[in-house]
Asker: 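Got a structure here, written out as structure tokens. Questions coming.
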Amino acid sequence: MLRLLQNIGQLATCPADNPQDDAGLVNDAALLIEYGQVAWAGPRDQLPDLPGDIATHDCDGALVVPGLIDCHTHLCFGGWRGDEFALRLAGASYQEIAAQGGGILSTVRHTRETRSEDLEDKARHILDDMLALGVTTVEAKSGYGLDLEQELRQLEIYRKLDAEHVIDVVPTVLGAHALPPEFADNRDAYVDMLCLELLPEVAERGLARFCDAFVEQGAFTLEEGRRVLQTARELGLGLKLHADQLSDGGGAALAAELGAVSAEHLEYADADAMDDLARAGTVAVSLPLASMYLREPYIPARQLMTHGVRVAVATDFNPGSAPSFHLPLALTLACINQRMTPEEALMGATAIAARALSAEGHIGSLTEGCQADLAVLDAMDLNHWLYHFRANACREVFKAGWPQALSPAAHDLP
Ligand code: NIG
Ligand code: FE
């Protein structure tokens with residue numbers, strides 16, 4: 001079945017192989033969809049001859065971009081941490097709060113206590129809101145269970161949400177997120193549990209596509225991260241790494257050494273590590289909302305791109321360091337504070353985010369043969385969309401060629 005989107009004011013095709021600063025913009029464009037994929041995209045006056053009976057859709061001069069990809073979130077969790085927001089504003093640091101049993105471990109307590117149906121409902125609400133913003137694929141990490149049963153439960157919830165929701169949910173196992181209190185005196189036993197029990201079970205049941213680890217003072221050491229990720233690699237999982245978020249701990253170099261698809265955060269990564277990432281083809285995932293909320297430095301995106309590293313942009317949505325899933329806001333912040341151009345930022349949440357999920361050329365681009373996931377935005381062009389920040393500029397979303405009903409959640413769930 002053919003569907004023609006016409007009267008597109010500006011189309012961003014975001015070809016997978018383009019340099020980051022070229023989002024493949026076409027003014028006065030049209031786009032043809034066949035069997036859920038892009039069959040043709042380009043200037044309206046070059047549209048090939050078509051049969052007379054095809055379905056047409058008038059975009060009314062709007063901006064059309066690939067469905068946005070949020071390639072780094074901690075989607076499923078119990079409770080919130082508004083109290084810590086107030087403590088940080090009063091001067092406490094993220095690490096001080098964590099050292100006193102708050103932070104990630106506070107969310108672990110809440111998550112463990114919350115019924116699966118309630119965790120699921122809350123995450124589903126959030127996915128509804130994300131879809132309404134134009135997001136069509138979301139990577140989602142575990143890491144608030146921190147024992148075998150609870151980590152598997154979080155990943156099972158992601159499997160269910162992926163099956164039931166329009167958004168594709170790409171699961172990542174992050175057992176190495178924090179040391180759970182039961183293992184406070186025996187770090188090695190926890191890492192053993194991850195490598196000998198959790199990861200083999202996750203791989204066996206196909207519950208995750210990627211494995212991530214938080215390498216940082218107060219979380220896991222480089223050696224522990226290396227052991228977890230090497231084990232995951234042997235089990236056939238792709239690798240990601242929370243690296244150099246709060247200090248330069250050598251995480252970026254480790255991600256490159258292990259051939260990770262992405263290294264995330266990188267607020268404190270040094271120039272040598274940037275060369276390593278470029279050589280390894282590892283994507284740098286920038287998380288400007290986390291920089292904003294924690295008042296940490298923004299990632300040196302210009303320097304990374306100059307070194308030849310591709311820079312994705314994601315939300316890091318979680319109840320602590322980044323309690324917002326507003327990916328368009330993250331893009332505007334990436335422009336202002338990471339000095340990315342609107343084209344670079346958009347590529348970072350489409351084609352390059354797809355690369356951070358090993359899905360480039362399949363999603364994140366509106367070129368021939370790619371899945372027709374797209375957002376129709378109420379803006380005359382890309383510059384205007386990212387400059388005139390609005391609560392939501394998204395008018396319509398298509399997933400695999402089909403228009404979707406958008407129903408943002410009416411309220412926040414506890
Ligand atoms: O990416 N850095 C580690 N993990 C999250 C924060 C999780 C939390 O605070 O609950 C992050 O910022
Ligand atoms: Fe994160």
Asker: Would you say the side chains of Glu296 and Tyr268 form a donor-acceptor pair under 3.5 Å?
Answerer: yes
Asker: Can you see which heavy atom on Gly79 is nearest to which on Pro319, and at what distance?
Answerer: O-CB, 4.4 Å
Asker: Would you check if Ile167 and Lys399 make a side-chain contact, meaning some heavy-atom pair closer than 4.5 Å?
Answerer: no
Asker: Only one of Leu131, Val138, Thr137 forms a side-chain contact (heavy atoms from CB on, under 4.5 Å) with Val135, so which one is it?
Answerer: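 Output: one option passes, namely Val138.
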Asker: Just verifying a value: how many Å separate Arg302 CZ and Leu304 CG, rounded to the nearest 0.5 Å?
Answerer: 10.5 Å
Asker: Tell me which donor-acceptor pairs under 3.5 Å the side chains of residues 41-55 have, and how far apart each pair is, sequence neighbours excluded?
Answerer:
from  : atom 1 : to    : atom 2 : distance (Å)
Arg44 : NE     : Asp28 : OD1    : 3.3
Arg44 : NH2    : Asp28 : OD2    : 3.3

Asker: If we only count heavy atoms from C-beta on, is the Ser291 to Glu267 side-chain gap below 4.5 Å?
Answerer: yes
Asker: Where do Leu119 and Cys76 come nearest, in terms of heavy atoms and distance?
Answerer: CB-SG, 4.0 Å
Asker: Could you tell me if the side chain of Tyr94 sits less than 4.5 Å from the side chain of Ile104, heavy atoms only?
Answerer: yes
Asker: I'd like to check Pro180 versus Arg112 (side-chain heavy atoms, cut-off strictly below 4.5 Å). Are they in contact?
Answerer: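 In short, these two side chains touch, coming nearer than 4.5 Å.
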Asker: Strictly below 4.0 Å, N to O, side chains only: are Arg159 and Asp162 in salt-bridge contact?
Answerer: no
Asker: Would you say Asp128 and His165 are linked by a side-chain donor-acceptor pair, where the criterion is simply a distance under 3.5 Å?
Answerer: yes
Asker: For Ala132, does its backbone N or O pair with a side-chain atom of Asn392 as donor and acceptor, under 3.5 Å?
Answerer: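 Yes, the answer is positive, given that a donor and an acceptor are paired below the 3.5 Å cut-off.
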Asker: Test Leu294 against Arg88 for side chain to side chain contact (heavy atoms under 4.5 Å, CB included), laying out the working first.
Answerer: CA-CA 8 Å; Leu294 297 185; Arg88 284 202 308 276; 3.5 Å; yes
Asker: Starting from the C-alpha separation in whole Å, work towards a yes-or-no answer on side chain to side chain contact (heavy atoms under 4.5 Å, CB included) for Asp168 and Gln371.
Answerer: CA-CA 12 Å; Asp168 286 319; Gln371 184 163 294; 4.0 Å; yes
Asker: Using a strict cut-off of less than 4.0 Å between a Lys/Arg side-chain nitrogen and an Asp/Glu carboxylate oxygen, indicate whether Glu139 and Lys141 qualify as a salt bridge.
Answerer: yes
Asker: Before accepting this row, confirm whether a basic side-chain N of the pair Glu113/Arg109 lies closer than 4.0 Å to the acidic partner's carboxylate O.
Answerer: no
Asker: Return yes if some donor-acceptor pair links the side-chain N/O of Gln10 with the main-chain N/O of Val64 below 3.5 Å, else return no.
Answerer: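 Such a contact is absent between Gln10 side chain and Val64 backbone.
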Asker: Please report the closest heavy-atom contact between Ala252 and Ala269, naming both atoms and the distance.
Answerer: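 Smallest heavy-atom distance, with atoms named: CB-CB, 4.3 Å.
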Asker: Could you check whether atom CZ of Phe389 has more than 12 heavy atoms from other residues, nucleotides or ligands sitting under 6.0 Å from it?
Answerer: yes
Asker: Between OG1 of Thr172 and NZ of Lys240, what distance do you get to the nearest 0.5 Å?
Answerer: 6.0 Å
Asker: What are the two closest non-hydrogen atoms of Ala351 and Cys14, and how far apart are they?
Answerer: CB-O, 3.5 Å
Asker: To the nearest 0.5 Å, what is the distance between CG (Leu239) and CD (Glu257)?
Answerer: 11.0 Å
Asker: Determine whether Asp412 and Trp80 make a side-chain contact, defined as any pair of heavy atoms from C-beta on separated by less than 4.5 Å.
Answerer: yes
Asker: Quick check: does any side chain N or O of Asp276 sit under 3.5 Å from a backbone N or O of Ala256, one acting as donor and the other as acceptor?
Answerer: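 No, Asp276 side chain to Ala256 backbone: no donor-acceptor pair under 3.5 Å.
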Asker: Regarding Ser321 and Asn318, do their side chains bring together a donor and an acceptor under 3.5 Å, going by distance alone?
Answerer: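 Judged by distance alone, the side chains do pair up.
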Asker: Look up atom CG in Asp378 and atom CE in Met380, then write down how far apart they are to the nearest 0.5 Å.
Answerer: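 CE of Met380 is found 9.0 Å from CG of Asp378.
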Asker: Which value, rounded to the nearest 0.5 Å, describes the distance between Asp275 atom CG and Asp270 atom CG?
Answerer: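 If I round to the nearest 0.5 Å, the distance is 9.5 Å.
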Asker: Could you check whether any side-chain heavy atom of Leu327 comes within less than 4.5 Å of a side-chain heavy atom of Leu133, counting everything from C-beta outward?
Answerer: no
Asker: In terms of the angle between their ring planes, are His242 and His265 parallel, tilted or perpendicular, with boundaries placed at 30° and 60°?
Answerer: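 Ring orientation of His242 relative to His265: tilted.
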Asker: Indicate the atoms forming the closest heavy-atom contact of Leu25 with Ala12, along with that distance.
Answerer: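 Shortest heavy-atom separation between Leu25 and Ala12 comes out as CD2-CB, 3.7 Å.
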Asker: Let me see the working for Val397 and Leu374 under side chain to side chain contact (heavy atoms under 4.5 Å, CB included), right down to the final yes or no.
Answerer: CA-CA 6 Å; Val397 174; Leu374 56 93; over 6 Å; no
Asker: Is a side-chain N or O of Asp244 found less than 3.5 angstrom from the main chain of Gly251, in a donor-acceptor match?
Answerer: yes
Asker: Is it true that Arg81 and Thr107 share a donor-acceptor pair across their side chains at a distance under 3.5 Å?
Answerer: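 Judged by distance alone, the side chains do pair up.
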Asker: Is it the case that the ring center of His177 lies less than 6.0 angstrom away from the ring center of Phe220?
Answerer: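 No - the distance between ring centres of Phe220 and His177 does not fall below the 6.0 Å cut-off.
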Asker: Go through it in stages, so that I can follow the logic: the residues are Glu120 and Arg115, the test is salt bridge (Lys or Arg N to Asp or Glu O under 4.0 Å), and I'd like the CA-CA distance, side-chain angles, deciding distance and then a yes or no.
Answerer: CA-CA 9 Å; Glu120 220 177 276; Arg115 296 183 323 154; over 6 Å; no
Asker: Check for me whether Arg390 meets the cation-pi criterion with Trp385, that is, NZ or CZ under 6.0 Å from the six-membered ring centre and within 45 degrees of the ring axis.
Answerer: no
Asker: Whether Arg3 and Glu34 form a salt bridge (side-chain N of Lys/Arg under 4.0 Å from carboxylate O of Asp/Glu) is what I want to check.
Answerer: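 Salt bridge absent between Glu34 and Arg3.
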Asker: Does the Thr315 side chain pair with the main chain of Phe317, one donor and one acceptor, at a distance under 3.5 Å?
Answerer: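 Pair found, side chain donor or acceptor close to backbone of Phe317.
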Asker: Hey, which of Leu32, Ile33, Leu366 is the one that makes side-chain contact (heavy atoms from CB on, under 4.5 Å) with Val38?
Answerer: Leu366
Asker: Mark yes or no for whether Glu151, through its side chain, and Gly143, through its backbone, hold a donor-acceptor pair below 3.5 Å.
Answerer: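 Yes, Glu151 side chain to Gly143 backbone: donor-acceptor pair under 3.5 Å.
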Asker: Do side-chain atoms of Ser142 reach the backbone of Val173 as a donor and acceptor pair under 3.5 angstrom?
Answerer: no
Asker: Which residues pass the salt bridge (Lys or Arg N to Asp or Glu O under 4.0 Å) test with Arg233, not counting sequence neighbours?
Answerer: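 Scan of Arg233 (salt bridge (Lys or Arg N to Asp or Glu O under 4.0 Å), adjacent residues dropped) gives none.
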Asker: Can you check whether Asn337 reaches Met292 side chain to side chain, under 4.5 Å on heavy atoms?
Answerer: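 A side-chain contact under 4.5 Å is absent here.
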Asker: Taking Ser286's backbone N and O only, do any of them form a donor-acceptor pair with Glu264's side chain (distance below 3.5 Å, no angle check)?
Answerer: no
Asker: Just by modelled atom types, is the Ala409 backbone N or O under 3.5 Å from a matching donor or acceptor in the Asp129 side chain?
Answerer: yes
Asker: Test side chain to side chain contact (heavy atoms under 4.5 Å, CB included) on Cys59 and Gln6 and set out the steps.
Answerer: CA-CA 6 Å; Cys59 293; Gln6 54 189 5; over 6 Å; no
Asker: Angle class for the His72/His74 ring planes (parallel below 30°, perpendicular above 60°, tilted otherwise)?
Answerer: tilted
Asker: Do Glu223 and Thr221 pair up side chain to side chain, a donor and an acceptor below 3.5 Å, judged on atom types alone?
Answerer: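 Per modelled atom types, Glu223 and Thr221 side chains form no pair under 3.5 Å.
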Asker: Judged by modelled atom types alone, do Glu216 and Ser247 share a side-chain donor-acceptor pair under 3.5 Å?
Answerer: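 Per modelled atom types, Glu216 and Ser247 side chains form a pair under 3.5 Å.
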Asker: Would you give the length of the straight line joining atom CD1 of Ile157 to atom CG of Leu207, rounded to the nearest 0.5 angstrom?
Answerer: 11.5 Å
Asker: Report yes if some heavy atom in the side chain of Arg205 is under 4.5 Å from a heavy atom in the side chain of Leu152; otherwise report no.
Answerer: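 Contact flag for Arg205/Leu152 side chains = yes.
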Asker: Checking the side chain of Thr282 only, and the main-chain atoms of Ala263 only, is there a donor and an acceptor separated by less than 3.5 Å?
Answerer: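 Such a contact is absent between Thr282 side chain and Ala263 backbone.
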Asker: Which atom pair, heavy atoms only, marks the closest approach of Cys211 to Leu237?
Answerer: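 Cys211 and Leu237 have their closest heavy atoms at CB-CD1, 4.1 Å.
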Asker: Can you establish whether the number of heavy atoms outside Glu149 located under 6.0 Å from its atom CD is more than 12?
Answerer: no
